[in-house]
Every structure is written in structure tokens, then in C-alpha cells.
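Heads up, the thing below is written out as C-alpha cells.
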Amino acid sequence: MGKAYESKEHEAEIYRLWEKSGFFNPDKLPGKPKKTYSISIPPPNVTGSLHLGHALNNTIQDILTRFYRMKGRKTLWLPGTDHAGIATQNVVEKELAKQGLTRHQLGREKFTEKAWQWKAKYGDLILEQLKKLGCSCDWSRTRFTLDKNYTEAVLTAFINYHKKGYIYRGPRIVNWCLRCTTAISDIEIKYQEKKGKLWYLKYPIKGDTNYELHTNDANHFIVVATTRPETMLGDTAVAVNPKDKRYKNLIGQKLILPIVNREIPIVSHRLVDVEFGTGAVKITPAHDKTDWQIGKENNLEVINVIGPEGKMTKEAGKYAGLPVLEARKKIVKELEKLNLLEKVEDYQHQISLCDRCGTPIEPQISTQWFVSMKKLAKPAIKVVKKSKIKISPERYKKIYLDWLDNIEDWCISRQLWWGHRLPVWFCQKEKDKYIVSVNQPKKCPYCNKCKMKQSEDVLDTWFSSALWPFATLGWPKKTKDLKEFYPTSLLSTARDILYLWVARMVFSGLEFLKKIPFEQVYIHSTILTLEGRRMSKSLGTGIDPLELINKYGADATRFGIIYQTNRDQQAIRFDERAIVAARNFINKLWNISRFIAIQIETEPKIKIKNIKTQTLADHWIISRANNLITSITKKIENYEFGEASKEIYEFVWHDFADWYLEISKFQIADPGLKKETIRNLKLILCLCLRLLHPFIPFVTEQIYQQLNTCTNSSDLLMIASWPKIKKNFINLKKEKEFASVKEMVMKIRNWKIEQKISPKEIVDYKIKTENKNLLRYAHQNLVVRSAHNKKILAQNELKDLIEKLGKVKLTL
RNA sequence: GGGCACUUGGCGCAGUGGUAGCGCGUCUGGUUUACAUCCAGCAGGUCGGGGGUUCGAAUCCCUCAGUGCCCACCA
């Protein structure tokens with residue numbers, strides 16, 4: 001064994017050993033276990049590469065997978081990737097842009113071909129990175145959301161929803177990205193503070209036939225404030241808060257919309273903020289979400305004045321065809337001319353941008369497909385309320401329930417090319433007529449003639465992700481895997497996709513299999529930078545786990561990250577120093593093993609079967625070790641990984657190495673104790689290796705292989721059995737007694753330093769205790785003598801000291 | 001605007017009612033024989049401010065301040 005543990009020398013080889021064994025595959029586990037444990041990996045996007053969040057989440061999953069595998073469960077951790085519709089499409093588009101190409105130039109077919117090429121090249125990169133991290137996934141079951149079988153599941157789901165009447169089609173206001181030319185969800189939007197203007201426009205009250213004459217008389221106008229004056233062409237009302245006294249008697253009256261000269265009503269609505277602007281809001285249902293809602297509740301006309309390319313439509317009259325900003329300038333000018341512009345203020349506001357490409361969002365009316373949610377949400381609420389699915393930390397339960405309680409219908413269509421195309425076929429003659437079918441219908445049932453045309457839209461990426469826990473196991477076929485591993489045991493994920501993904505898997509699972517998709521949801525901490533900022537590539541605050549793995553090893557990276565977490569903690573500030581500490585800890589473990597390996601060489605025939613404890617130190621360490629088993633087991637079962645890692649770190653380093661191992665040197669020097677001591681060392685080491693294996697699988701396996709004496713039944717630590725507690729070795733009395741000795745020794749060390757006595761210096765004298773070998777160790781610390789500089793502790797001084805320390809019965 | 005969380009020695013954190021701990025760093029001393037990725041030890045904190053409950057509060061309650069994350073329909 002080398003002097004220091006070099007992760008690079010071992011990790012790849014160890015991983016190969018595991019893969020070769022086949023034990024990542026639950027069907028190949030020895031002993032044919034019956035009880036299962038299963039996790040579906042949150043599938044990383046094919047655009048993705050490993051970041052710290054992945055490292056944390058997948059370390060957690062690997063800890064549990066390895067833990068339950070060692071506990072004898074038939075354990076499956078199923079890996080895979082997500083096609084990630086818009087994200088991947090944008091990446092591929094960026095690639096094309098480098099060659100000066102757009103997707104439209106390529107056309108749909110060629111473009112998707114490119115996307116598939118991209119997937120083939122980079123799609124599984126992150127899975128390779130997970131291997132570097134040590135993840136024990138069953139790679140033979142790897143899935144991708146666009147796989148043939150998976151696609152079948154997606155289409156089956158769509159058709160089922162449709163049959164049951166959950167799916168409908170219709171116009172609605174959506175976030176429209178001008179560049180991606182697709183609807184995007186609220187969650188795909190990011191916000192940016194931007195300096196803008198707030199224009200105050202005067203809308204004349206109807207009844208003043210010659211309102212031009214009263215342009216300076218406030219009684220004849222309502223003033224509205226807007227950041228987007230160009231949308232006024234599409235206004236179909238002005239809204240005020242019903243409680244607003246200023247406008248109370250105007251509600252129900254009409255206004256004349258300037259320029260357009262349309263009559264529009266004054267309506268009241270609770271959403272109007274009395275404090276903002278003038279308290280009166282222009283309502284443009286076609287181009288603002290709130291306005292759309294107010295419009296809907298008041299049956300207002302919807303007039304679309306901005307088209308999907310960001311240009312004014314013909315509804316905009318003389319402004320038709322102009323880009324939005326140009327139209328804005330001209331409209332403001334015209335209003336000014338009409339003396340209908342009261343004032344312009346500077347205004348700091350948040351604008352919404354497409355999360356993927358940064359283009360400002362233009363709310364648009366467009367025809368989209370929806371899943372009606374109210375009914376589907378109900379059982380998903382129930383299973384969490386009744387704790388059929390447990391959510392940890394518990395506070396997220398409320399967040400989950402709140403979202404489902406206020407759920408809106410799910411817009412499932414996207415105007416993208418990369419994804420599952422809707423199994424919907426339109427009649428070419430009557431363009432709004434369609435049928436739902438997986439394959440192209442032979443004959444159009446509407447016109448009997450046309451070749452029906454498939455919808456151009458693809459499904460929201462989350463529509464397919466929602467089926468992940470069962471589609472990966474073979475659904476809609478009734479497979480053996482599905483029967484065995486569904487529901488899965490755990491879903492571990494980040495907080496931000498609790499509803500986007502988790503909630504949707506829950507109602508999908510309940511809808512299609514009538515069973516929950518997982519028994520437990522664990523929401524792990526978010527990793528922030530040391531300064532407490534969000535980690536992100538665009539901010540340049542990300543840390544690449546692969547660099548950490550390179551520098552410190554996969555084990556150290558895993559252990560260091562886990563060490564920083566606490567179960568219920570919302571966020572952790574990532575500190576590389578923890579990884580360094582973990583690397584040192586691993587090296588410590590390595591050297592403990594090295595020491596023990598050397599001892600074993602002197603006594604090669606020792607088996608660890610029959611434990612004998614003779615000295616106080618023996619009793620103490622074995623008792624402590626047995627308590628440790630219970631504690632670590634409980635902590636892993638309760639998702640307290642950070643707590644577990646801290647406890648085992650303490651034990652290995654500060655109990656086992658600092659104390660027992662040092663004492664063992666004296667015991668080994670005693671022929672009567674040598675064998676038992678080496679046996680105990682081995683016993684504790686092998687125990688530690690097993691307890692540590694889920695956390696730091698590589699180094700523990702390496703030591704296990706090299707030591708070659710922990711082995712009882714199995715040749716791989718990976719499938720060695722999880723330690724069981726032996727209650728008769730727990731001896732709290734001896735633990736307490738040892739603690740006193742420890743305390744005494746430490747106090748004497750302090751005392752020696754205070755007296756400026758070198759730690760090396762030794763004095764002979766006699767102490768009677770029931771444990772002479774412990775005494776030999778204590779000797780060094782207790783007794784002071786130096787032939788050279790004659791620092792001799794007088795007998796009575798020593799006696800006083802020991803009496804002061806008091807807790808141990810020692811007689812001089 | 002709402003919700004959730006956080007605030008403990010220089011830095012990152014643990015500690016949930018009873019003598020303030022850990023890692024890193026600093027400083028002192030130590031290395032022939034498992035490890036300097038080490039060992040032994042010192043110093044360093046009125047536990048964000050204020051108020052309350054209690055015999056007793058870092059810990060429970062109220063309040064204020066700061067920080068972060070998430071959600072949201074402020075034109």
C-alpha cells in the first residue's frame with residue numbers, strides 16, 4: 001500500500017470491477033433477494049454536464065442505493081436522460097448559428113436529425129460523469145425520453161387523457177418567445193430589472209362629443225399609466241378597483257379610445273392596485289396576462305394588435321407592419337399631438353425574458369393544447385395529505401399542496417421541433433377538425449378525401465418527464481420490472497421542480513397506474529457559492545465537480561459535499577475546504593488500514609470471528625463501534641446524511657485512530673494481548689469500511705480488496721452485508737470509565753505543557769490499576785522524568801495532580 | 001407583494017432548555033518505524049439587536065434589522 005491514497009490510481013479500476021460483477025443490475029445480485037428498493041434517477045437533460053447540484057443529488061441516491069443493496073434488498077437505481085425540448089433545441093440552434101444557419105433554413109426534418117446527432121455525441125456525457133462520481137446505476141436499463149418505447153408511453157398517456165376528456169384545445173394568452181417562436185411556461189421565464197418609462201395617457205370620457213376641446217380639463221378624462229403605450233390600440237376596457245372612491249361613479253360608463261376611436265367600458269376588478277399610477281388600468285386582453293383574466297371575467301373583446309413576429313397586425317390600422325418599438329414611438333407622438341399624453345415618468349420595472357435565449361417575452365393569444373387539471377389534482381393532493389407519499393423536509397408539503405390547490409390547466413403544446421409530436425391529425429379542408437391517433441389515419445373522417453396532417457406542435461418536455469417512474473419500467477406494457485419496482489422507493493430532487501415535475505409524476509402515476517409513483521420525496525439542499533450566491537454558469541459562479549474529482553478524488557468530493565449538508569437545511573454554501581478535509585479523512589482511513597495491514601503481516605492467520613475483549617480500551621472501542629452501527633443506520637434511513645458523515649468521521653479519526661490505535665501499539669507489544677488486539681483492529685476497520693462504503697465507495701472497496709481479510713462471504717465490499725449490532729458488546733460502564741482515563745491523559749498533557757516539560761520526557765514510577773496495558777500508554781503522558789534535564793515531578797505533586805483529576809482510581 | 005429559511009469565534013458550519021463545539025485558518029511544541037493529506041496543545045465567541053417566558057435561553061415566544069431562496073397578475 002502506498003503512503004498516501006491516490007484516488008486516480010484506483011477509481012477507474014474499481015469502477016470496472018463493479019461493472020464487471022454485474023451487481024448494479026438487481027437481477028444479478030447473489031442470494032436472490034425478494035424485497036426491493038428502487039430509485040428512478042431524475043433524468044438529466046441531454047444538454048447537461050455535471051454540476052454540484054447533480055453531484056449532491058446523485059451522491060444521496062448512491063448512498064441509499066448502496067446502503068439498501070448491502071442491507072440485502074433487490075436494489076435498482078435506474079438511470080437515463082431527458083430530451084429537454086426547448087433547452088436542447090436552443091443548444092443545437094446555437095451550434096447551427098456558428099455556421100450561419102437557422103433551423104428554418106434546415107427545415108424540420110434536417111433539424112431534428114441534427115438534434116439526434118447532438119444527442120448521440122453529447123447526450124450521455126453526464127452519465128459518464130456520474131460513473132466518475134461512483135454512481136451504482138444499472139446501466140443496462142438506461143432510458144431516454146425519446147426512445148421508441150418511451151414515446152409509446154407518452155402517446156398512450158396523451159390518448160388516455162384525450163379519451164377521458166382531460167385534453168382540450170383553445171386560444172389562451174401564453175408567454176410567447178419571439179425568437180424561439182413558441183409558447184413557453186411561466187417557469188421558463190427569467191426576470192430582469194430594466195429602466196423604462198411610464199406613460200400617462202388620457203382617455204376621454206364618452207359624452208364629451210368634442211373632447212378635443214377639453215384636453216386640459218381633468219373632469220373629462222381618465223388617465224391611465226402604461227409601460228407599453230403601443231398596446232393601447234388593442235385596449236378594450238379601462239379597469240379600476242371597486243373600492244377606489246375616485247372612480248366609483250364612473251364604473252359602467254364608456255370611454256373613447258384615442259386614435260382608434262373605439263368605445264370601451266370602464267370596469268371594476270379586484271386585481272387593480274389603487275396605489276399604482278392613477279389607479280386606472282388600460283386593459284389589453286390580447287397582450288397581458290392580467291388583462292386577459294380581467295377581460296375574460298368581463299366578457300371583453302380580444303383584439304390582437306401584435307403578431308407572433310413582434311410586428312403590429314392589421315388590427316393596428318395605420319401602424320400595421322411596424323415593429324413594436326417603432327410603433328410605440330409613433331403612437332406616443334400622435335397622442336402628444338392630440339394633447340392626450342399627460343406625462344412621462346422614468347420607471348424601473350421587471351421585464352420578462354426567455355430563460356433559454358434571453359429574448360423579451362411577448363404575451364400572445366394563441367391556440368394551444370391543455371390538460372384540464374382540477375380533477376387530476378385531487379388524488380395527488382390526497383396522497384400527500386394522508387402521507388401515502390412522505391415529503392421531507394416536511395415544510396415542502398405545504399408548498400406542494402398550495403400549488404395543487406391553486407392549479408391552473410396545463411398548457412402541454414409547444415411550437416418546437418425537438419420532442420414528441422402530438423398524436424393529433426388535422427383535416428386539410430376543415431382546418432379545425434382533428435382526430436387523435438398514434439398513426440396517420442387512412443381516411444379523413446371529415447372530408448373523406450384529404451391526407452390528414454399531423455399537428456406541428458410537440459409536447460411540453462414535462463409531459464414526458466411526468467411519466468418517468470413508470471415509463472422507464474416498461475409501461476404501458478405490463479412488464480416484470482413494473483410489477484417489481486413500481487412504486488419506486490424514493491425520489492430525490494431539488495426544490496425548484498417540486499411542482500413542475502414531482503407533482504406531475506404524482507398525478508400521472510395515480511391516473512395511469514392507480515398507484516403512487518414513489519413512497520418518499522426527499523428535497524435536498526440547494527448549493528450556493530461561498531458568498532451565498534446562486535451557482536450558475538451564466539454568473540460564472542459554478543464549480544465543476546469534475547475538477548474536484550480530479551483534484552481530490554470522487555470519494556472526497558462526495559464526502560465533502562455530504563459533510564456540508566444537514567437534512568432539513570434549505571441551502572448550503574459550498575466550501576472547497578470541506579473537500580480538502582474529506583480528502584485528508586480518506587487518507588487517514590487509508591493509513592489506518594496500512595498500519596493494520598502491517599500488523600496483520602505479523603499474524604497472518606487471525607480471523608475476526610470470535611471477538612474477545614480484554615482491556616478497557618478493547619471494551620470501549622467495541623462498545624462504541626456497536627453504538628455507531630445503530631446510529632449510522634438510523635441516520636441513513638432518515639436521510640440525515642450529513643449528520644451520519646460527521647459522526648463516522650469523528651469515530652474513525654478521533655476514537656479509532658487517535659486513541660485505540662495508539663493504545664494498540666502498547667497492547668501489541670504485549671505477547672499476551674497481541675493476537676486479540678490485531679483481531680480487534682481488523683474487526684473495527686472492517687466495520688468502518690462497511691459503514692463508510694455508501695459514502696466513499698472507491699477507497700473502501702480498494703482497501704477491502706487489498707486487505708483481503710475482511711472477506712467472509714463476498715468478494716466485493718459493494719455487496720457485503722451491512723453491519724448488525726451486537727448488543728452484548730455494548731458496555732456503557734466501560735465507555736464511561738475510558739472517557740475518564742482519556743480526560744485524565746488530556747489534562748496531564750496540558751499540565752506538562754504548562755510546566756514546559758517535553759512530551760517525550762518520561763519518569764518512572766508505579767501505578768496500580770486493573771489495566772496495566774492501558775497504563776503503559778498512559779505512562780508516557782503521566783510520568784515525567786528526564787535523565788538529561790532533570791525535570792522530575794515529585795511523587796506528591798503527581799499524586800496531587802491525579803487526585804485533582806480524580807475520576808480514575810489510580811494508586812501510586 | 002406573499003411564503004420559506006438563515007444570522008453562533010477570521011471563514012464555513014454543528015449544537016433546540018441545564019458548564020458554548022467541529023473543520024479550515026492563526027499561534028506554540030512535536031517527525032527513525034500507519035499518516036505533515038500527520039500528532040499534541042494554546043488563543044479566539046456577552047450565540048444579529050431589543051423585549052418576554054423560565055430557577056435557568058444559542059435553544060421557546062414576540063419584535064426589529066440584515067441576508068438568501070422560492071412563488072406571484074402591479075399595468
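Note on naming: letters A, B, ... go to the chains in the order of the sequence lines (proteins, then strands), and numbering restarts at 1 for each one. Quick note: numbers below take in every heavy atom, side chains included, and nothing from hydrogens, waters or symmetry partners.
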For this session: Would you classify A:Thr227 as touching base, sugar-phosphate or nothing, given that sugar-phosphate means primed atoms plus P, OP1 and OP2, and contacts are heavy atoms under 4.0 Å?
Result: sugar-phosphate
Exercise. Counting any heavy atom closer than 4.0 Å, what does A:Gln599 reach on the DNA or RNA strands: base, sugar-phosphate only, or nothing?
Worked result: nothing
Problem set entry | d(NZ, A:Lys398; C1', B:C4) in whole Å | 9 Å
For this session: Answer yes or no: does a side-chain N or O of A:Arg594 lie under 4.0 Å from OP1 or OP2 of B:C35?
Result: yes
Exercise. Reckon A:Asp288 touches a base, only the sugar-phosphate, or nothing at all at heavy-atom distances under 4.0 Å?
Worked result: nothing
Exercise. Hey, is the side chain of A:Asn584 poking within less than 4.0 Å of OP1 or OP2 on B:C38, counting only N and O atoms?
Worked result: yes
For this session: Calculate the interatomic distance between A:Asp658 atom CG and B:G41 atom P; express it in whole Å.
Result: 9 Å
For this session: Could you measure between the two P atoms, the one in B:U37 and the one in B:C4, and give it in whole Å?
Result: 48 Å
Exercise. Within the structure, does a side-chain N or O atom of A:Gln569 lie under 4.0 Å from either OP1 or OP2 of B:C13?
Worked result: no
For this session: Sticking with atom C1', work out how far B:U19 lies from B:A72, rounded to a whole angstrom.
Result: 49 Å
Exercise. Does A:Arg573 make a side-chain N or O approach to OP1 or OP2 of B:G12 shorter than 4.0 Å?
Worked result: yes
Problem set entry | P gap between B:A20 and B:G48, integer Å | 15 Å
For this session: Give a yes-or-no answer on whether the side chains of A:Gln570 and A:Ser525 include a donor-acceptor pair shorter than 3.5 Å.
Result: no
Exercise. Starting at the 5' end of RNA chain B, which residue's closest nucleotide do you reach first, A:Phe585 or A:Ile596?
Worked result: A:Ile596
For this session: Scan A:Leu528 against the nucleic acid and name what it touches under 4.0 Å (heavy atoms): base, sugar-phosphate only, or nothing.
Result: sugar-phosphate
Exercise. Please give, in whole Å, the distance from B:A14 P to A:Asp568 CG?
Worked result: 11 Å
Problem set entry | Phosphate OP1/OP2 of B:C39 contacted by A:Trp653 side-chain N/O (<4.0 Å) | yes
Problem set entry | Sugar-phosphate only, base, or nothing, as touched by A:Leu530 at under 4.0 Å among non-hydrogen atoms | sugar-phosphate
Problem set entry | Interatomic distance at P, B:U33 relative to B:U28, whole Å | 23 Å
Problem set entry | CA sep, side-chain torsions, deciding dist, call: A:His287, A:Trp176, ring-ring contact (aromatic ring centres under 6.0 Å, His included) | CA-CA 10 Å; A:His287 300 292; A:Trp176 187 264; over 10 Å; no
Exercise. How do A:Thr565 and A:Phe595 order along RNA chain B: which one's closest nucleotide is nearer the 5' end?
Worked result: A:Thr565
Problem set entry | Pair assignment for B:C4, Watson-Crick or G-U wobble, requiring both distances under 3.5 Å | B:G68
For this session: Look at all strands and tell whether A:His269 reaches a base, only sugar-phosphate, or nothing, counting heavy atoms closer than 4.0 Å.
Result: nothing
For this session: With a 3.5 angstrom cut-off on both distances, give the Watson-Crick or G-U wobble partner of B:C55, or none if there isn't one.
Result: B:G18
Exercise. Would you call the rings of A:His654 and A:Tyr649 parallel, tilted or perpendicular, where under 30° means parallel and over 60° means perpendicular?
Worked result: perpendicular
For this session: Could you please spell out the steps behind the ring-ring contact (aromatic ring centres under 6.0 Å, His included) verdict for A:Tyr499 and A:Tyr400?
Result: CA-CA 6 Å; A:Tyr499 8 84; A:Tyr400 170 97; 8.6 Å; no
Exercise. Does any nucleotide pair with B:C38 by Watson-Crick or G-U wobble geometry, both distances under 3.5 Å, and what is it?
Worked result: B:G30
Problem set entry | Phosphate contact (B:A36 OP1 or OP2) by A:Asn591 side-chain N/O below 4.0 Å | no
For this session: Please assess A:Ser392 against A:Lys390 for the test side chain to side chain donor-acceptor pair (under 3.5 Å), listing each intermediate value before the final yes or no.
Result: CA-CA 7 Å; A:Ser392 172; A:Lys390 292 181 203 79; over 6 Å; no
For this session: Indicate, with a heavy-atom threshold strictly under 4.0 Å, whether A:Lys3 touches base, sugar-phosphate, or nothing.
Result: sugar-phosphate
Exercise. Which is true for A:Gly277 with a 4.0 Å heavy-atom rule: it touches a base, it touches only sugar-phosphate, or it touches nothing?
Worked result: nothing
Exercise. Across the strands shown, which category fits A:Tyr499 at heavy-atom distances under 4.0 angstrom: base, sugar-phosphate, nothing?
Worked result: sugar-phosphate
For this session: Check every strand shown and say whether A:Glu6 touches a base, only sugar-phosphate, or nothing at a heavy-atom separation below 4.0 Å.
Result: base
Problem set entry | Distance, rounded to the nearest Å, where A:Glu640 contributes CD and B:U16 contributes C1' | 14 Å
Exercise. With rounding to whole Å, what would you report as the distance between B:G18 and B:U59 at their P atoms?
Worked result: 11 Å
For this session: Considering only atom C1', compute the distance from B:C61 to B:U16 and round it to an integer number of Å.
Result: 14 Å
Exercise. Does the pair A:Ser366 and A:Gln364 meet the rule for a side chain to side chain donor-acceptor pair (under 3.5 Å), with working shown?
Worked result: CA-CA 6 Å; A:Ser366 76; A:Gln364 281 275 331; over 6 Å; no
Seminar exercise, completed: Side-chain atoms of A:Arg577 come closest, of B:G10, B:A34, B:A14, to B:G10
Exercise. Do we see a donor-acceptor contact under 3.5 Å between the side chains of A:Lys282 and A:Thr231?
Worked result: yes
Exercise. Among side-chain atoms of A:Lys646 and A:Asn566, is any donor-acceptor pair under 3.5 angstrom?
Worked result: yes
Problem set entry | N/O (side chain, A:Lys588) to phosphate O (OP1/OP2, B:C39) under 4.0 Å | yes
For this session: Check step by step if side-chain contact (heavy atoms from CB on, under 4.5 Å) holds for A:Tyr5 and A:Asp555.
Result: CA-CA 11 Å; A:Tyr5 175 68; A:Asp555 289 327; 4.0 Å; yes
For this session: Under a 3.5 Å limit for both distances, which nucleotide forms a Watson-Crick or G-U wobble pair with B:G9, could you say?
Result: none
For this session: Verify the neighbour count for atom CD of A:Glu394: are there more than 12 heavy atoms of other residues, nucleotides or ligands below 6.0 Å?
Result: no
Problem set entry | Side-chain N,O (A:Tyr347) to OP1/OP2 (B:A75) below 4.0 Å | yes
Exercise. Over how many whole Å does the gap from A:Asp402 atom CG to B:C4 atom P extend?
Worked result: 10 Å
Problem set entry | Base-pairing mate for B:U46 - Watson-Crick or G-U, with both contacts under 3.5 Å | none
Exercise. Looking at B:G68, B:A14, B:G12, which one has an atom nearest to any side-chain atom of A:Lys646?
Worked result: B:A14
Problem set entry | Under-4.0 Å side-chain N/O to phosphate OP1/OP2 contact, A:His654 with B:G23 | yes
Exercise. Rounded to the Å, how far apart are A:Glu647 CD and B:C13 C1'?
Worked result: 17 Å
Problem set entry | P spacing across the pair B:A57 / B:G1, given as an integer number of angstrom | 36 Å
Exercise. Within the structure shown, what part of the strands sits under 4.0 Å from A:Ala225 by heavy-atom distance: base, sugar-phosphate, or nothing?
Worked result: base
Exercise. Which nucleotide, B:C73, B:A75, B:C35, lies nearest any side-chain atom of A:Glu662?
Worked result: B:C35
Seminar exercise, completed: Whole-Å distance, A:Gln293 CD to B:C74 P, equals 12 Å
Problem set entry | Closest to the A:Arg533 side chain, choosing from B:G68, B:C74, B:A34 | B:G68
Exercise. Taking the P atom of each, how far is B:A14 from B:G23, in whole Å?
Worked result: 15 Å
Exercise. Looking across every strand, which nucleic acid part, if any, lies under 4.0 Å from A:Asn566 by heavy atom: base, sugar-phosphate, or nothing?
Worked result: sugar-phosphate
Exercise. So what does A:Arg583 touch, heavy atoms closer than 4.0 Å: a base, only the sugar-phosphate, or nothing?
Worked result: base
